[in-house]
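A short worksheet on the structure shown next.
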Amino acid sequence: MSTHSMATDAKSAKRASQDRFESPDFYQLDDLLTEEHKLIRSSIRDFVKKEISPNIEEWCQNAHFPYEIVKKFGEIGAFGPTLPTEYGCGGLDYISYGLIMQEIERGDSGMRSTASVQGSLVMYPIYKFGSEAQRKKYLPKLASGEYLGCFGLTEPNHGSNPSGMLTNFKDMGDHYLLNGAKMWISNSPKADIAVVWAKNEEGRIHGLIVERGMEGFSTPETHGKWSLRASCTGELVFDNVKVPKENLLPGKSGLGAPMMCLDSARFGIAWGAIGAAMDCYDSARRYAMERIQFDKPIASFQLTQKKLAEMLTEITKAQLLNWRLGVLMNEGKATTPQISMAKRNSVEMALNIAREARQIHGGMGITGEYPMMRHMMNLESVVTYEGTHDIHLLILGAEITGIPAFK
Amino acid sequence: MKILVCISHVPDTTSKISFTDNHTKFDSNGVQFIIGPYDDYALARAIEIKEATGGTVTVLNVGEADTEPTIRKALAIGADDAIRVNAFPSDSYFVAQQIASIAKEEKYDMILMGRESIDFNGGMVHGMVGEMLGIPSVSPVMKLEVEGGKAKMAREIEGGKEYLEVSLPLVAGCQEPIAEWKIPNMRGIMSARTKPLKVVEPASNDTRTKLSQYQMPAAKGAVKMVSADNVAELVSLLKNEAKVL
């Protein structure tokens, strides 16, 4: 829908028209999608071309989180699209969610992180484990982008091993007293609320909704990132924070609760990473056709063709894997190891494609004129967060052998 | 305010155009279809007017069943309901008759559409509909405000702009910058599922033109670069090769 990507504003029209992205569909996988899925994809793609592509390079170069994007994500419906419409959400299926994440990450992984944290890690647990009062209080505001949320599980000394967390709360009769610290929290510096996982006095993990402004709660920003530079990351520090009792998520306790959130978010990442890969492939294919060396396009050289052919093969395989996983999610049958396989496969594939595509661009590929370096650096976070590449491998290893290697 | 927006279902502007059946049929294989970009401006303005003053927006398309995804997109953008006249839009006269026939019954305050479709680029339907209904038709409209039962419009004319005040009901062929294209949001897409899309049979099958054949424009020639300090070569090429001097 290239016509629609051109806004009337002359400057943005010029820039947006430079985003000529077209997604590959080598195995006619569009036939597996409904007309509604395709409309969702084209709408989010148009949104990205209008709101993200013209600015993303500048935001990343300046490590600037464009807070105004939160409202825009809310308007387009990128927050919690699978949750019910009665809470202001989309009521869509998981393939729709996957396509939304794919298109946003095609723009930038940092932007996708903002959206997937809000949807899968903040809204999802409030919907799934929250009381009706909590749902009514928070979900519409999170869906519209009036509130930005974050998710606190990882701690300075507990990343891959969240069950060892030290953050804890004590029952003080009329409130809980929360202490501890969380690290590597996307959205934290600007978040209005945080869904925080902490142990009670018996050592059982519970979710608590902590609001900005509660005394003793602070969110220092993490500076100096070489990755996800357009998304804000920080800590959550709880120094004797009095949390009202009605802010405890009553529906589920134990590590299984945050893990369910991560399953939903990892599913989104599996789709999102394909977006980044497709953007790199699309740019490389175009550049290879236009760049002349030895009096012919570099696309005519076998080594370039090998790179492009392998990229398209890997993208197509990942698209099929994701589509099938989406169907399983819709049927409520997807398992954690299946999601691990897709997340792991997509992100590794995307990282490799970003590097190969960068090579096809030669020296030009290291500049911000092209998206590969940005995607490549972003993907270093994506391959680490929401379960590292190795942990997902071990989840699969435990599934195959019945022997967990990480305990 | 009761507004009708007529939308065409046209190939995306980046589509590769080819023909089949001895150059008598457009080859739609692998072609992505969109709402006509000028019609999309008309739709966006109609939604803005509805949001500001209340009322309804109905979209109308003359087309076969394959145009329904395009119609659903218009519903997702914010139209309340839709009508599809179940027929291939064979020419401007045919399309105009279908629109006029429905508009006679429904009594719309405004009938908006693009200044032209981007497939055949006839730019005639709005004028014909105005004639058939005996109401004013204006095109190309770049600005449209409604105030006290009248429409204030700016129209593009050769070398300038014309400002008009037109009584309702009216027909307008729209173009940018009348409004900015709207991207459907997820809630709109969800709610478009259940919005009414009525399919009606054509009021008449009268057409005034018959297609003989399509022809592609001649392929562009190769570019020849001439060094800036070699005017003599440029002149010689223009004289002897391009034969334009």
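On a predicted model such as this, the values are computed, not experimentally measured, just so you know.
Within a 6.0 Å sphere centred on CZ of Phe19(B), heavy atoms belonging to other residues, nucleotides or ligands number more than 12. Within 6.0 Å of the CD atom in Gln215(B), the count of heavy atoms belonging to other residues, nucleotides or ligands does not exceed 12. Heavy-atom neighbours of Asn29(B) CG from other residues, nucleotides or ligands within 6.0 Å: at or below the threshold of 12. Within 6.0 Å of CD in Glu132(A) there are more than 12 heavy atoms belonging to other residues, nucleotides or ligands. Within 6.0 Å of NZ in Lys50(B) there are more than 12 heavy atoms belonging to other residues, nucleotides or ligands. A 6.0 Å sphere centred on CD of Glu147(B) holds no more than 12 heavy atoms belonging to other residues, nucleotides or ligands.
Annotation: the span from Asp12(B) atom CG to Ser42(A) atom OG amounts to 9.5 Å, rounded to 0.5 Å. To the nearest 0.5 angstrom, Glu35(A) atom CD is 12.0 Å from Ile189(B) atom CD1. To the nearest 0.5 Å, atoms CG (Leu92(A)) and CZ (Arg187(B)) are separated by 10.0 Å. A distance of 11.0 Å separates OG1 in Thr14(B) from CZ in Arg20(A), rounded to the nearest 0.5 Å. Summarising the geometry, atom CZ belonging to Arg72(B) is positioned 15.0 Å from atom NZ belonging to Lys38(A); distances are rounded to the nearest 0.5 Å.
Ion pair Glu36(A)/Arg193(B) flagged as a salt bridge, since at least one NZ, NE, NH1 or NH2 atom sits closer than 4.0 Å to an Asp/Glu carboxylate oxygen.
You'll find the side chain of Asn185(B) stays beyond 4.5 Å of the side chain of Glu75(A), heavy atoms only.
When Ser96(A), Ser43(A), Cys89(A) are each tested for a side-chain contact (heavy atoms from CB on, under 4.5 Å) with Met186(B), only one passes: Ser43(A).
In this structure, chain A has a heavy atom under 4.5 Å from the side chain of Ala76(B), while its backbone stays farther away.
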request  = Evaluate the criterion salt bridge (Lys or Arg N to Asp or Glu O under 4.0 Å) for residue pair Lys50(A) and Glu180(B); output intermediate values, then yes/no.
outcome  = CA-CA 12 Å; Lys50(A) 184 179 174 199; Glu180(B) 210 176 306; 3.0 Å; yes

